[in-house]
Amino acid sequence: MITLAFTSWANTDSLLQELNQTITNQSQYVEQKQLRILHYKNRLSSEMSEFELFQVCDSLWLDYSSFQFDSAFKYGNRMLELAEKMADYPKQAEAKLNLAFIFRSAGMYKEAYQTLEGINSSTLPVSLAVRYYESMGRTYFDLSSFNNVDYFVERYGKLGNLYLDSALSLTQDNTLQFYRLRGLKAEASGNYREALYLFHQIIEQFDVSLHQKAMAFYSLGKINRALNNEKEYLDMIIRAAIADIQSATKETVATMELAGYMYEQGAIEPASIYIDQAARDAKFYGAKQRVIQVSSLLPLIESAMLLNARDKSKKLLGYLVLVSVLSLLIVFFAFIIYRQNQKLNRTKRSLSLAYENLKELNEKLIESNAIKEEYVGFSFAKDSEYLHKLDKFKMDINKKLIEKRYEDLKYTLKQFDIESETARLNKKFDEIFLKLFPNFISDFNSFFKADDQFKLDDENPLPTELRIFALIRIGITEHEQIASILGYSVRTIYNYKNKVKKLSVLSSDEFDVHLMRIKTFE
């Protein structure tokens with residue numbers, strides 16, 4: 001059972017318990033959806049008219065749209081073929097809207113936009129015209145979030161609002177569609193109080209499906225976070241995750257959002273459970289964009305679990321030192337060592353399973369994910385090596401204690417050299433990074449005048465300044481994270497960055513853009 005030890009929110013703990021039970025029972029929800037899909041498939045017949053086939057394919061597409069990308073794409077294409085045979089333009093537009101929806105869900109924004117661009121909205125009936133304008137609006141909002149560049153955020157945001165205005169102009173007041181469109185626009189425009197009211201109305205006034213509830217809960221969660229309502233944010237995200245699982249929705253971000261929040265709060269074990277759920281869902285749905293998003297968070301959570309294991313190991317070493325002085329407590333500390341060893345073995349098995357899952361995910365990522373693939377492999381390999389050394393070290397300590405060779409204990413403890421291990425890890429990081437970015441040094445030096453360029457030696461390829469920008473290039477941008485990795489204060493990291501940027505011939509903004517343009521190996 002997972003509880004929020006870092007809060008006193010009883011209702012939230014109850015929701016988490018419900019979520020955990022829902023995760024345990026998720027197979028029955030998937031089975032229910034698969035039975036419904038099988039029912040529709042069994043209805044398909046060559047004796048059906050093209051119109052009847054189109055309707056059954058539409059039902060199959062609807063069930064697959066948030067369940068499995070490949071199958072949703074298959075039946076969306078089948079609908080388009082049937083509509084073209086019937087020369088029915090509204091049905092062609094409906095099929096294209098279905099395809100655009102799953103393209104957008106999968107992060108294929110170019111394909112979504114091209115598909116929508118091929119629809120002549122002026123010839124559509126009102127219901128499809130509203131869907132078209134809403135789809136265009138959502139596509140621009142998603143592009144705005146994806147680009148995350150001020151110029152495009154503003155430009156795409158305006159275009160998204162214009163399309164939503166067009167959809168709203170054709171929508172009847174006080175309907176579910178009206179509240180959904182108004183809520184989406186208010187949320188995208190930053191009118192959070194209005195958006196909060198509108199999404200609550202959707203849940204309270206209308207008999208909506210579980211999937212629709214999940215989307216409304218998720219929007220309420222994000223809005224509450226923007227308003228700094230932490231408890232309401234967490235409750236809504238948990239409710240969204242529960243509704244997603246109960247509706248067998250695999251194209252979901254609620255569990256990933258929840259894992260990220262747990263990680264931020266230091267609740268690492270719950271974070272690991274929820275990110276594993278998100279990874280399984282992303283793999284099942286089959287959209288690369290969602291797999292990439294999950295894989296960017298998974299190593300951070302698993303690394304935090306490893307740090308917890310290392311903290312426990314430090315405590316164990318403290319116990320061993322006390323044993324050398326307090327020989328009368330040998331039996332007690334032997335028991336502690338046994339219990340800690342059991343926990344470490346469970347952690348090793350958990351990390352090994354997580355590594356296998358990550359390896360399977362990374363095999364399907366596009367070339368741009370090579371950075372994560374390299375460093376995750378390195379991280380788990382070094383962790384395994386460290387645990388092996390620690391196990392051997394523990395056995396050696398136990399043996400000397402049993403044999404009462406107390407003077408030898410001092411020599412054994414001196415062999416545990418943290419600084420040397422850290423230097424070795426940094427050197428390995430440099431080797432992997434320069435393998436991924438063989439032209440990094442020459443490209444980085446091009447940002448400076450000849451006299452200010454970095455001149456490196458073979459023994460230590462990257463000085464601290466370059467290592468900071470190497471971490472930024474692979475996506476670690478928070479000063480706190482960089483300081484933790486390199487063992488410096490946040491102020492030191494900030495000073496190093498400013499010192500280097502001041503020497504550059506580029507402005508600060510240009511420097512950041514050019515840094516992220518440095519390419520990996522071809």
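- Between Ser247 and His211, the side chains place no donor N or O within less than 3.5 Å of an acceptor N or O (distance only, hydrogens not considered).
- Aromatic pair Phe206/Tyr179: ring centres closer than 6.0 Å.
- The side chain to side chain contact (heavy atoms under 4.5 Å, CB included) check on Glu47 picks up Ser45, with sequence neighbours excluded.
- Atom OH of Tyr29 is surrounded by more than 12 heavy atoms from other residues, nucleotides or ligands within 6.0 Å.
- With no hydrogens or angles considered, a side-chain donor-acceptor pair links Glu257 and Tyr233 at under 3.5 Å.
- With sequence neighbours left out, Glu251 forms a side-chain hydrogen bond (donor to acceptor under 3.5 Å, both in side chains) with Arg290.
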Compile the donor-acceptor pairs under 3.5 Å between side chains in residues 65-93 and protein atoms, sequence neighbours left out, one pair per line.
from  : atom 1 : to     : atom 2 : distance (Å)
Ser65 : OG     : Leu62  : O      : 2.8
Asp88 : OD1    : Lys91  : N      : 3.3
Tyr89 : OH     : Asn120 : N      : 2.6

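- Proximity of Tyr261 to Arg225: side-chain heavy atoms (C-beta onward) are separated by under 4.5 Å at one or more points.
- Remark: aromatic rings of Tyr64 and Tyr40 are distant, center separation not under 6.0 Å.
- Atom CG of Asn42 has more than 12 heavy atoms from other residues, nucleotides or ligands within 6.0 Å.
- The side chain to side chain contact (heavy atoms under 4.5 Å, CB included) test applied to Asn161 returns Phe141, Lys185, Ser189, not counting sequence neighbours.
- Note: Tyr140 and Phe152 fail the aromatic proximity criterion, with ring centroids not under 6.0 Å apart.
- Using a 4.0 Å cut-off between charged side-chain N and carboxylate O, Arg517 and Asp443 make no salt bridge.
- Tyr218 pairs by the ring-ring contact (aromatic ring centres under 6.0 Å, His included) definition with nothing, not counting sequence neighbours.
- Taking all atoms of both residues into account, the shortest heavy-atom contact from Ala241 to Leu19 is CB-CD1, 3.9 Å.
- By the 4.0 Å N-to-carboxylate-O rule, Arg239 lies too far from Glu18 to be salt-bridged with it.
- Using modelled atom types, one finds no donor on one side chain facing an acceptor on the other under 3.5 Å when comparing Asp281 with Thr252.
- With salt bridges taken as basic N to acidic carboxylate O contacts below 4.0 Å, one links Glu134 and Arg138.
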Mind listing the side-chain donor-acceptor pairs of residues 100-114 below 3.5 Å, one per line with the distance, residues two or more places apart or on another chain?
from   : atom 1 : to     : atom 2 : distance (Å)
Arg104 : NE     : Asp142 : OD2    : 3.3
Arg104 : NH1    : Ser135 : OG     : 3.4
Ser105 : OG     : Phe101 : O      : 2.9

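- For the residue pair Gln172 and Gln177, no side-chain donor N or O sits within less than 3.5 Å of a side-chain acceptor on the partner.
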